[in-house]
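This is a predicted model, so every value here is computed, not measured.
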Amino acid sequence: MTNTQQPTASDQQRLNRPRPPARSKDQRIGRYDWERARGPIHAFGESKNLAAWAGDARCQVQAETLRTRLALGWKPEDAIARPKHEQAVLEYTYNDRTLTLRGWADQTGIRYHTLYGRIRSYGMTFEEALDKGPDGPHFTVPITAFGETKPLFRWGVDPRAAVTATTIRKRILAGWNPQHAISEQPESRTTLGTGTPHNAFGKR
């Protein structure tokens, strides 16, 4: 005779627990849209697939780099003809401050490829890409300073911020007062690293 084990109360709770919602297309794709690298690619008045463009004399990069560039939203002509070392420099001005996109990524804690994908693949403005916030929770924690409360990544782009959002976060975790964590200038860069002194250009 076979014994059938009845589900316990905890088992029943797990069965009744609602499933998390399906991830949206935007979340699944993340920073790359690989559909851009599939099928015919139109450039220089011609239409060819990726392998054919990779073998074209005008192509300055290998097929995988070309594929990645297209997936990141590069214009086909730039993706094909721009040498690998010659990357497009993207600069944006926000709160009267101009930085490269990598600079803003450092300043906000939002990954560079996340910002890049939002702007180049989804056609967002820099402000719209910034408004969506970081991918994870670390830089969305609300911080109160100067009589205001806003997410940490927003403090990174505040005109009063003297350091990046990453540094602000580290300082607050170390027990700093939020206003000081945001506005205090960083120590001299000569103090960074291993602490081992080096001599160069007449300085130590």
Side-chain angles (χ1 to χ4, degrees), residues 20-141 150-159 161 163-169:
R23 299 176 71 186
S24 67
K25 181 179 179 183
D26 180 72
Q27 290 173 312
R28 290 196 308 269
I29 291 177
R31 62 187 188 181
Y32 299 112
D33 183 357
W34 298 111
E35 290 300 321
R36 294 176 180 271
R38 299 191 179 102
I41 298 163
H42 305 282
F44 307 110
E46 303 175 43
S47 181
K48 299 192 275 192
N49 64 22
L50 186 138
W53 278 119
D56 190 284
R58 289 165 289 188
C59 188
Q60 299 295 309
V61 293
Q62 295 181 350
E64 190 57 33
T65 300
L66 175 58
R67 179 172 176 263
T68 301
R69 286 178 171 184
L70 292 168
L72 284 170
W74 284 47
K75 292 181 179 179
E77 287 84 355
D78 287 342
I80 294 164
R82 190 183 294 274
K84 190 171 182 179
H85 65 276
E86 188 182 326
Q87 301 293 330
V89 177
L90 302 176
E91 289 187 340
Y92 297 92
T93 300
Y94 186 81
N95 282 345
D96 296 323
R97 186 178 185 181
T98 300
L99 294 174
T100 65
L101 192 61
R102 288 195 181 276
W104 284 119
D106 290 340
Q107 201 62 37
T108 61
I110 303 174
R111 290 187 303 172
Y112 169 80
H113 286 294
T114 297
L115 287 173
Y116 187 96
R118 289 171 181 173
I119 294 168
R120 299 301 292 267
S121 298
Y122 298 106
M124 297 182 187
T125 64
F126 175 75
E127 289 79 5
E128 290 170 339
L130 179 65
D131 285 341
K132 284 183 70 68
D135 302 313
H138 295 314
F139 296 97
T140 57
V141 176
K150 52 187 177 183
L152 176 53
F153 78 93
R154 283 287 181 189
W155 283 116
V157 297
D158 189 280
V163 291
T164 66
T166 298
T167 299
I168 295 170
R169 178 172 180 267

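- Remark: Tyr92 pairs with Phe126 by the ring pair (Phe, Tyr, Trp, His ring centres under 6.0 Å) rule, at least two apart or across chains.
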Can you check side chain to side chain contact (heavy atoms under 4.5 Å, CB included) on Phe153 and Leu130, steps first, answer last? CA-CA 9 Å; Phe153 78 93; Leu130 179 65; 4.0 Å; yes

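- With sequence neighbours left out, Gln62 forms a side chain to side chain donor-acceptor pair (under 3.5 Å) with no residue at all.
- Thr114 and Asp135 share a side-chain donor-acceptor pair at under 3.5 Å.
- Closest heavy-atom contact between Trp53 and Ile41: NE1-O, 2.8 Å.
- Residues Arg118 and Ile110 meet the side-chain proximity criterion, which asks for heavy atoms closer than 4.5 Å.
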Residue pair Leu101, Arg120: steps toward the side chain to side chain contact (heavy atoms under 4.5 Å, CB included) verdict: CA-CA 12 Å; Leu101 192 61; Arg120 299 301 292 267; over 6 Å; no

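- Residue Leu115 holds its CG atom at 10.0 Å from CE of Met124, rounded to the nearest 0.5 Å.
- Every salt bridge (charged side-chain N to carboxylate O under 4.0 Å, His left out) that Arg58 has, sequence neighbours left out, goes to Glu46, Asp56.
- Minimum heavy-atom separation, Thr164 to Gln107: CA-NE2, 3.6 Å.
- Closest approach of Ser121 to Ala71, counting heavy atoms only: OG-O, 3.6 Å.
- Remark: Arg67 engages Glu64 in a side chain to side chain donor-acceptor pair (under 3.5 Å) (not counting sequence neighbours).
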List the steps and the verdict of side chain to side chain contact (heavy atoms under 4.5 Å, CB included) for Glu128 and Tyr122. CA-CA 10 Å; Glu128 290 170 339; Tyr122 298 106; over 6 Å; no

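- Scored by the side chain to side chain contact (heavy atoms under 4.5 Å, CB included) test, Ala51 finds Asn49 as partners (sequence neighbours excluded).
- In this structure, Tyr116 and Tyr112 have tilted ring planes: the angle between them lies in the 30° to 60° band.
- Applying the salt bridge (Lys or Arg N to Asp or Glu O under 4.0 Å) definition to pairs two or more places apart or across chains, none involves residues 93-108.
- The structure places CD of Glu127 at 9.5 Å from CG of Asn95, a figure rounded to the nearest 0.5 Å.
- Listed by chain and number, the residues in a side chain to side chain donor-acceptor pair (under 3.5 Å) with Thr140 amount to none (sequence neighbours excluded).
- With hydrogens and angles ignored, the 3.5 Å screen pairs no side-chain donor or acceptor of Trp155 with any backbone N or O of Ala161.
- The side chain to side chain contact (heavy atoms under 4.5 Å, CB included) test applied to Ala81 returns Phe44, not counting sequence neighbours.
- For the side chain to side chain donor-acceptor pair (under 3.5 Å) test, residues two or more places apart in sequence or in another chain that qualify with Asp158 are Lys150, Arg160.
- Taken from CD1 in Ile119 to CH2 in Trp104, the straight-line distance is 11.5 Å, to the nearest 0.5 Å.
- A search for salt bridge (charged side-chain N to carboxylate O under 4.0 Å, His left out) contacts involving Arg169 returns nothing, not counting sequence neighbours.
- For Gly109 against Pro134, the heavy-atom pair with the smallest separation is O-CB, 4.3 Å.
- By the side chain to side chain contact (heavy atoms under 4.5 Å, CB included) test, Thr93 is found to be paired with Thr98, residues two or more places apart in sequence or in another chain being considered.
- At a threshold of 4.5 Å between non-hydrogen side-chain atoms, the residues Cys59 and Val61 count as touching.
- Every salt bridge (charged side-chain N to carboxylate O under 4.0 Å, His left out) that Glu35 has, sequence neighbours left out, goes to Arg38.
- The structure places CG of Leu50 at 6.0 Å from CG of Leu70, a figure rounded to the nearest 0.5 Å.
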